[in-house]
Amino acid sequence: MPDSQKIYLKDYTPPAYLVDTVHLTFKLSPKSTRVISKIRFRPNPDSDSREFFLHGEHLTLIRAAIDGQECDPAVTDKGLTAQVPDAPFTWEAEVEINPQDNTALEGLYVSNGMYCTQCEAEGFRRITYYPDRPDVMATFTVRIEGDLPVLLSNGNPTASGDGWAEWHDPWPKPSYLFALVAGDLRNHPDTFTTKSGRKVDLNIWVRPDDIDKCAFGMEALKKSMKWDEDVYGREYDLDLFNIVAVDDFNMGAMENKGLNIFNSSCVLASPETATDANFERIEAIIAHEYFHNWTGNRITCRDWFQLCLKEGLTVFRDQSFTGDMRGHGVKRINDVLQLRGRQFSEDQGPLAHPVRPDSFVEINNFYTATIYEKGAEVVGMLKRLVGDDAYGQALDLYFERHDGQAVTIEDWLKVFEDATGRDLIQFKRWYSQAGTPVLTVTDDYSDGTYTLNFKQETPPTPGQDVKQPQVLPIAVGLLGANGDEVQKTVVLEMTKAEQSFSFDGLPAKPVPSILRGFSAPVVLHRDTDNTERAFLLAHDTDAFNKWEAGRDLAKDSLLRMVTDGAAPDTGYLKALAHVLRDNTLDPAYRALLMRTPSQDDIAQTLYESGHTPDPLRIYRAAETMAQAKAQELQDLLPRLYAEMHTPAPYSPNPEPVGKRALQGAVLSLLTRLDGGDQARAQYGAADNMTQQFGALACLLDAETGAKELAVFYDQWAHDRLVIDKWFGLQVAVAAPEKAAGIADSLTKHADFDMKNPNRFRAVFGALSINAAGFHDASGASYRLLADWLIKLDPVNPQTTARMTTAFQSWRRYDEGRQALMRAELERILATENLSSDTSEMVSRILNG
Ligand code: PHE
Ligand code: ZN
C-alpha cells in the first residue's frame with residue numbers, strides 16, 4: 001500500500017468552515033432517491049484555511065447554489081470544491097443516489113424493502129456533499145417523503161402527513177450520527193421516566209414477523225437507561241428513543257442519535273429462537289449503543305484516530321453494566337477470554353496497532369479488538385490506578401467540561417490529571433505503544449520478608465521496534481500454607497522495566513496470587529508448578545485467579561500433550577472433578593472451569609515460545625483431553641446434568657442461564673460416553689433454543705446428528721437468524737479434513753446469500769475459527785475463503801476486509817502452510833479493482 005494513501009494523526013488541521021444548521025429533504029425512490037440539502041456554513045475562526053471542500057462519493061450532483069446563486073463546483077470522485085464568501089453563507093444542493101444497488105451497506109441502502117442508513121465512519125458522504133468529519137457538529141432538520149408507513153430520523157418528530165414526516169434533532173452532532181429509516185415496520189412501544197421526571201417514549205421497530213422478539217431488548221434498554229443514571233449520573237436527553245432492526249448490516253449496531261440501528265441478530269430474541277449467549281449479547285449491545293449517547297454522541301471524537309475515546313470507554317461501561325446485572329466474576333473471565341482470543345492475537349501479529357493509531361488508509365479497518373477491547377482495558381486500568389471515587393470525579397468533570405465538543409485522548413487524560421493531581425505522561429503510552437507487554441515475575445523470601453521481582457518487556461510490532469516501560473497496575477494477594485489469605489489484594493504500581501515489591505512480617509513463604517482480576521492486559525510469565533496451581537485453584541479468594549489456575553493446569557497439560565505426546569495430566573483431571581463437585585461455586589463459574597483453552601490459544605502459546613504449532617496435533621490433543629475428562633468425570637456427569645435442570649418456562653436471568661451453561665458443558669462430555677442418548681433426549685424435549693441448539697451441537701460433534709440437523713432446518717427454515725446458526729454450526733464442528741468441503745457445499749445451498757453479512761459470516765466466520773479445519777494441510781479452506789473474499793469484495797468491501805483477518809496469524813505455521821496462505825493472500829491482492837479496504841488489510845497481513 002503506497003504511503004501516499006495514508007492519513008496521519010500528526011497532519012490534523014481544524015475544519016476551514018463550521019456548520020450551524022443542516023436541512024435535508026429526502027425524496028425516496030429505490031433507484032433514484034433525491035437528497036436536497038440546505039446548510040448554513042461559517043468560516044472557522046480557528047482555521048487559517050479558506051478552502052471550501054465537501055466530501056461526496058457515489059453521488060450525482062443535480063444542482064448547487066450558494067446564497068441562492070446557482071454555482072458550478074469542481075467535482076471529483078472524492079468530493080467538490082467551490083468559491084465561497086469569507087462570511088457565513090447558505091449552501092444548497094440536490095443530489096441523486098441509488099439505494100437499491102448499494103450493497104456496500106454504507107450510506108443509504110435498501111434491505112428487504114426497508115430504507116436504512118449507516119454513516120459511521122464515512123458513510124454520510126454517500127448521501128450528500130458535506131464536511132464528513134466528526135469535528136463538524138450541527139443541528140439537523142430532516143424531511144422524508146416516501147410511500148412507506150414508517151418514516152424515521154434522529155431527534156424528535158415535528159410534523160407528519162400522508163407520505164411525509166419531519167424530524168428535528170436539537171443536539172448538535174457530527175454527520176456520522178445521522179440516520180434515516182423508512183419501511184413497513186411495526187413497533188414494540190414502552191416508556192421510561194428519567195430521574196428528573198421526564199417521560200421518554202421508547203420503540204423497537206421491526207418487520208411485522210419479528211414483533212414477538214422485542215420484549216427482551218426493551219427490558220434491556222430500560223435497565224441501561226436506569227443504570228446510566230444511577231452509576232454515571234447520565235440522563236437521556238430527547239423525548240423519544242428509537243431502535244430499528246435491520247437484516248443487512250455490516251456490524252453489530254450503531255448509536256445514531258435517538259435512532260439506534262441494529263443488526264437484527266443483536267436485538268431480536270425469543271426463547272425459542274435465541275440462545276442464552278444471544279440474550280446476554282443483546283443486553284450488552286443495547287446497553288453499549290445506549291451508553292454512546294453520552295460517551296460518543298454528546299461528547300464525540302475530534303477525528304477518527306480518537307476512536308478509542310468513545311469505543312474503549314463505552315465498552316468499559318457496557319462491561320461494568322453486564323457485571324452489575326449478571327455477576328462480575330464470570331463477566332471478567334468472559335471478557336478476558338475475548339481479549340486474549342481476539343486482541344492478543346491481533347497484537348502479536350502483523351495487524352498490531354496502538355489503541356490510538358497514528359495512521360490509516362481506511363478507517364473502517366480500525367474497528368478492531370485493539371480499539372474496543374484493549375481500549376476498554378486501558379480505561380479499566382485508569383480506574384484501578386486512581387480508585388473508584390476519583391474515577392467518578394474525573395468522569396463528572398469530563399461530562400461537564402466537554403459536553404457538546406469533539407475531543408481527543410489528551411483532553412480525556414487531562415480530565416484525570418486535573419481531577420486527581422496525577423501525572424499521566426507515562427500512562428499515555430498505553431495509547432501509543434502497540435503490543436502486549438510480557439510480565440515476568442520471580443520471588444524470594446528471607447527473614448519474614450517476601451519479595452516479588454517483576455520485569456516487563458513488550459515485543460516489537462510493525463513500525464515500533466523499541467518499547468518503553470508502561471504503567472502496570474498489578475493486583476496481588478498472598479496466601480498462607482493452609483490456604484488462608486495473609487495479604488488482601490493490593491494494587492502495586494509498576495512503572496519501570498524492572499521493579500521489586502516487598503511484604504514484611506510474614507512468618508513463612510506465602511503463595512502469591514498475581515494479577516488478580518486480570519488487572520492489566522499483559523502476558524504473565526511465572527516459573528511455577530502444578531502443585532502451586534492446584535493450590536490456587538482450591539484456595540484463591542480471587543474468582544479470576546482461581547479460574548486462571550485451573551486454566552493454567554489444563555494448558556500446561558495440553559502443551560505437553562502436543563509437544564511430548566504426554567497423556568492428559570491426571571492431577572488436572574482430579575482437581576477439576578473436585579471443583580465441579582463444589583456446590584458453593586456458581587454453576588456459570590463451574591461451566592467456565594470446565595472449558596479448556598481453545599486450540600488457537602494453544603497455537604498462539606506454542607508460537608510465542610519458539611515452537612511451530614501443528615493444528616492437527618493440537619486438535620487431536622484437545623479431543624484426547626475431552627475424552628479423558630469424560631472418563632474421569634463419568635460418575636459425576638449424570639448427577640450434575642440432573643442437578644442443573646431448569647424449570648419451565650424459560651428465563652434469560654443469570655441463575656437459569658448459569659445452570660444451562662454447566663448443563664451444556666456436561667452434555668458435551670456425556671455425549672462422548674452415551675453415544676448421544678442424553679443429547680437426543682434433550683433435543684426432543686427442548687422448549688428453548690439454548691437447549692435445542694446445544695443438543696444439536698453435541699450430536700453433530702459426535703457425527704451422529706444428521707437426522708436432527710435436517711429436522712432443525714425444516715423447523716426453522718422461515719427464520720433467518722436461526723438458519724444462520726444452522727449454517728455456522730455445521731462448519732464449526734466439522735472434522736478437520738471435512739470443513740472446507742462442508743463450507744463449499746453450504747455456499748451452494750439455496751439459502752446462501754453472500755450479500756447478507758450475517759449469512760456470509762455464518763459460513764466463513766465459522767470456517768476461520770475451526771482451527772484444524774481452516775488450517776487443513778491441503779490448503780482447501782484457504783483457497784475457498786480466498787475465492788469468496790474475491791467474489792465479495794466488489795459487493796461489500798468492508799465485510800471482505802474484516803474477514804481477511806482469518807489469515808492474520810499465517811506466520812505462526814510451518815513453511816508448507818505459510819506458502820499456501822501467502823499464495824492466497826497474493827492472489828487476493830492481485831485482483832483487479834480490489835477495494836482499498838481489502839488491499840490495505842492484505843498488504844498489512846503480508847508485510848507487517
Ligand atoms: N459505532 C458502532 C459501535 O460500536 C460500531 C459501528 C462502526 C457500526 C461502524 C457501524 C459502522 O457501537
Ligand atoms: Zn461502540
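In each ligand, atom 1 is the first atom listed, and ligand 1 is the first ligand listed.
By the 30° and 60° cut-offs, the orientation of the rings of Trp788 relative to Phe764 is tilted.
No side-chain heavy atom of Thr139 sits less than 4.5 Å from a side-chain heavy atom of Val22. Using a 4.5 Å cut-off on side-chain heavy atoms (C-beta onward), Leu108 and Arg126 make no contact. Within the 4.5 Å cutoff, no side-chain heavy atoms of Phe262 are placed close to those of Val244. At a threshold of 4.5 Å between non-hydrogen side-chain atoms, the residues Ile409 and Cys308 count as touching.
Counting heavy atoms under 4.0 Å from ligand 1, residue Ala253 touches it through the backbone alone. Looking at Lys310 against ligand 1, only its side chain comes within 4.0 Å, counting heavy atoms.
The distance criterion of under 3.5 Å between nitrogen or oxygen atoms is met by Glu289 with respect to ligand 1. The distance criterion of under 3.5 Å between nitrogen or oxygen atoms is met by Glu311 with respect to ligand 1.
When the Zn ion (ligand 2) is compared with the N/O/S atoms of His292, atom NE2 turns out nearest. The N, O or S atom of Glu311 lying closest to the Zn ion (ligand 2) is OE1.
Here the closest heavy-atom approach between residue Leu351 and residue Met841 is recorded as CD1-CE, 3.9 Å.
Between the choices Glu120, Glu106, Gln118, the shortest heavy-atom distance to atom 1 (N) of ligand 1 belongs to Glu120.
At the shortest separation from atom 4 (O) of ligand 1 among protein heavy atoms lies Tyr372 OH, 2.6 Å.
Ion pairing of Glu219 with Lys222 is present here, as a side-chain N (NZ or NE/NH1/NH2) and a carboxylate O approach within less than 4.0 Å.
Distances below 4.0 Å separate heavy atoms of Glu255 from the following atoms of ligand 1: 1 (N), 2 (C), 3 (C), 12 (O). Atoms of ligand 1 lying under 4.0 Å from any heavy atom of His292, numbered from 1 in the order shown and given with element: 3 (C), 4 (O), 12 (O). The atoms of ligand 1 that sit less than 4.0 Å from any heavy atom of Met254 are 1 (N), 8 (C).
In terms of modelled atom types and a separation under 3.5 Å, the side chain of Arg234 and the main chain of Tyr232 share a donor-acceptor contact.
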